[in-house]
Number of protein chains: 2
Amino acid sequence: MNARRRQDLSDNVATKARILDAAEHLFADRGFDATSLRTITTEANVNLAAVNYHFGTKAGLLEEVFKRRVEPLNEERLVRLSKLQEESGADAPSVEAILTTFIEPALRVSRDPAHGGMVFMRLLGRSYAEPNEQIRRFMPELYRDIEIQYGEALGAAVPHLAVEDLYWRMHFVVGTIAYTMAGTDALQLLASCPYCDPDDVEGITERLVTFLSAGMKA
Amino acid sequence: MNARRRQDLSDNVATKARILDAAEHLFADRGFDATSLRTITTEANVNLAAVNYHFGTKAGLLEEVFKRRVEPLNEERLVRLSKLQEESGADAPSVEAILTTFIEPALRVSRDPAHGGMVFMRLLGRSYAEPNEQIRRFMPELYRDIEIQYGEALGAAVPHLAVEDLYWRMHFVVGTIAYTMAGTDALQLLASCPYCDPDDVEGITERLVTFLSAGMKA
DNA sequence: GTCTATAGTCAGATAGAC
DNA sequence: GTCTATCTGACTATAGAC
């Protein structure tokens, strides 16, 4: 009996996870609208009706795909930011150090296939610019604490900046990171760079921090 | 007879233009997949079959929507860049001056409703991150000359930079501009900024140039 | 919790009259 | 060049057996 229940539970979890994995991958590759439930359930090796059973609607599935990755990611960012602020004592942490606590957790995720890896990062990057109603509704919620905490930290790091300048620059920072995550080959706009390796995540991170810190302090 | 022919021609042009206008607006608001030909033709006050008659397919319409705006925009950019280089003579133009020739034409377009205005800019910004096959195919073509000319100009302006660093920074620049154009309220991620006015296009341009130039020269 | 079968809707595209 | 009418196919979602 217990074995049976465990089996049921494990199947249940595995089914949900398989759907989430397939959806994540397909949404990242083709976009939300262009991905049908049929394609998702086929790739996940589950029945077509399973999505509606487990997630209610296709939009519900999309939301779960994001929540599963973004919540732990942002928690880690806030923990690192707190630690950094404690270590700095009375001094405000540097812009570089603050941005590093924001970017490095994303870097870690992007290298860990078990947490979505580059696939989810691509999806996340694209989502910042998407008109999809569902995404526009729940994403700001997922980022509320991030905005507040990083706004305060960066404000202390560049106190000479007017408030509106600070916010615009934070906006630019987020945009740059989002587009970089969305895939360096997103539009192959810079297709001709023979030296650029999109898989060199550490190198990109370093370049991002350098570039963004300079802009932030300008 | 002549009057009749002129009328036909004018109807033809007006029909195509009305379809393009409606499609541009609806694609920008809802995205490509989420916009049906029925919605477009209804808003344009033309018959459903007109899209297929004039543009072949829905994808063909999308391509025309982009071409109509991007080609003149990029031509103006290249003219300004050339002029700037002539004026500078043997000296390389500054990063700020180069970026200004890139951003200002977009600014001008965004203020001119007759050329698409903010609506098209939003669509264009989003398109950089879109997985749509059609867009990924024709956009790099539209930007080939831009990439070459600006790559050379910026390379001369920051000669200390390694080639791969230059390309990455160009990528960051394009990403930031695209994201900013995609709509400052794209995800309302920075919703809480009480001072930020998304309609203050000159102010945003100035801030963009400052931010990006600092990053470029870091 | 999983499956089959299907309802109900809407999509892009075209044939053929005018 | 424009229109009506319609084809064909795909989609999400659900009811109900197991």
Side-chain angles (χ1 to χ4, degrees), chain A residues 1-24 26-27 29-65 130-135 137, chain B residues 1-24 26-27 29-65 130-135 137:
Chain A
M1 258 316 191
N2 265 348
R4 182 63 217 272
R5 271 201 216 109
R6 267 200 304 277
Q7 186 55 48
D8 280 350
L9 183 65
S10 131
D11 278 357
N12 175 7
V13 169
T15 296
K16 283 189 80 165
R18 280 211 308 281
I19 293 172
L20 286 169
D21 288 342
E24 180 175 70
L26 290 164
F27 288 158
D29 274 7
R30 320 182 178 184
F32 179 68
D33 288 328
T35 305
S36 72
L37 292 183
R38 281 173 171 79
T39 311
I40 294 170
T41 51
T42 300
E43 175 156 323
N45 255 309
V46 301
N47 188 270
L48 172 60
V51 168
N52 293 94
Y53 178 79
H54 286 287
F55 302 97
T57 65
K58 189 185 176 185
L61 169 59
L62 177 68
E63 186 161 345
E64 287 300 311
V65 165
E130 248 194 314
N132 181 279
E133 224 179 78
Q134 199 74 189
I135 295 182
R137 194 178 49 69
Chain B
M1 252 322 188
N2 265 349
R4 180 63 217 269
R5 274 204 213 104
R6 266 199 304 279
Q7 186 56 47
D8 279 352
L9 183 64
S10 131
D11 277 358
N12 176 7
V13 169
T15 297
K16 283 189 80 166
R18 281 211 307 282
I19 293 172
L20 286 168
D21 288 343
E24 179 175 70
L26 289 164
F27 288 157
D29 274 8
R30 319 181 180 186
F32 179 68
D33 288 329
T35 306
S36 73
L37 292 184
R38 282 171 173 82
T39 310
I40 294 170
T41 51
T42 300
E43 175 156 322
N45 256 310
V46 302
N47 187 270
L48 171 61
V51 168
N52 294 93
Y53 178 80
H54 285 286
F55 302 98
T57 63
K58 189 185 176 186
L61 168 61
L62 178 67
E63 186 161 345
E64 286 300 312
V65 165
E130 249 193 315
N132 181 279
E133 225 179 76
Q134 199 75 190
I135 296 182
R137 194 178 49 69

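Computation of the quantities below employed the complete heavy-atom set of this structure, encompassing side-chain atoms and omitting hydrogens, waters and symmetry-equivalent molecules. Residue numbers begin at 1 in each chain, while the letters A, B, ... track the order of the sequences.
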Participant: Please report the distance, rounded to the nearest Å, between CZ in Arg38(B) and P in dA11(C).
Facilitator: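 So the CZ-P distance, Arg38(B) to dA11(C), works out to 6 Å.
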Participant: Kindly give the heavy-atom pair with the smallest separation between Phe55(B) and Glu64(B), and that separation in Å.
Facilitator: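 Answer, listing the atom of Phe55(B) first, then Glu64(B): CD2-CG, 3.7 Å.
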Participant: Name the pairs: protein N/O against N/O of nucleotides 3-5 of chain D, kept only if under 3.5 Å.
Facilitator:
unit_1, atom_1, unit_2, atom_2, d
dC3(D), OP2, Asn47(B), N, 3.3
dT4(D), OP2, Asn47(B), ND2, 3.1

Participant: Taking atom C1' of dC10(C) as reference, at what distance in whole Å does atom NZ of Lys58(B) sit?
Facilitator: 12 Å
Participant: CG of Leu62(B) versus P of dA11(C): gap in Å, rounded?
Facilitator: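 Answer to the nearest Å: 17 Å.
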Participant: Whole angstroms only, please: what is the CZ-P distance between Arg30(B) and dC10(C)?
Facilitator: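 Atom-to-atom, Arg30(B) to dC10(C), this comes out as 13 Å.
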Participant: Regarding Thr41(A), tell me which of base, sugar-phosphate or nothing describes its non-hydrogen contacts under 4.0 Å with the strands shown.
Facilitator: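 Counting heavy atoms under 4.0 Å across all strands, no contact is made by Thr41(A).
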Participant: Would you mind reading off the distance between Arg18(A) atom CZ and dG1(C) atom P, rounded to a whole angstrom?
Facilitator: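 It is 14 Å, rounded to the nearest whole Å.
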Participant: Rounding to an integer number of Å, can you tell me how far Asp33(B) CG sits from dC10(C) P?
Facilitator: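 Rounded to the whole Å, the gap is 17 Å.
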Participant: Show the nearest heavy-atom pair for residues Ile40(A) and Ala22(A), with the distance to one decimal.
Facilitator: O-CB, 3.8 Å
Participant: Taking CG from Asn52(B) and P from dT6(D), how many angstroms apart are they, rounded to a whole number?
Facilitator: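 One finds 18 Å between P of dT6(D) and CG of Asn52(B), rounded.
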Participant: So which one's nearest nucleotide on DNA chain D is more toward 5', Thr39(A) or Tyr53(A)?
Facilitator: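 Closest to the 5' end, via its nearest nucleotide, is Thr39(A).
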Participant: Say you draw a straight line from NE2 of His54(B) to CZ of Arg18(B); how long is it, rounded to the nearest 0.5 Å?
Facilitator: 9.5 Å
Participant: Rounded to whole Å, how long is the line connecting atom NE2 of His54(A) with atom P of dG1(C)?
Facilitator: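 Between P of dG1(C) and NE2 of His54(A): 6 Å.
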Participant: Taking the side chain from Thr39(A) and the backbone from Thr35(A), do they hold a donor-acceptor pair closer than 3.5 Å?
Facilitator: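 Side chain of Thr39(A) to backbone of Thr35(A): no pair is present.
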Participant: If every non-hydrogen atom of Asp29(A) is compared with every non-hydrogen atom of Pro131(B), which pair is closest and at what distance?
Facilitator: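 Residues Asp29(A) and Pro131(B), closest heavy atoms: O-CB, 3.4 Å.
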Participant: Which heavy-atom pair separates Thr57(B) from Val51(B) by the least distance, and what is that distance?
Facilitator: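 That would be O-CG1, 4.5 Å.
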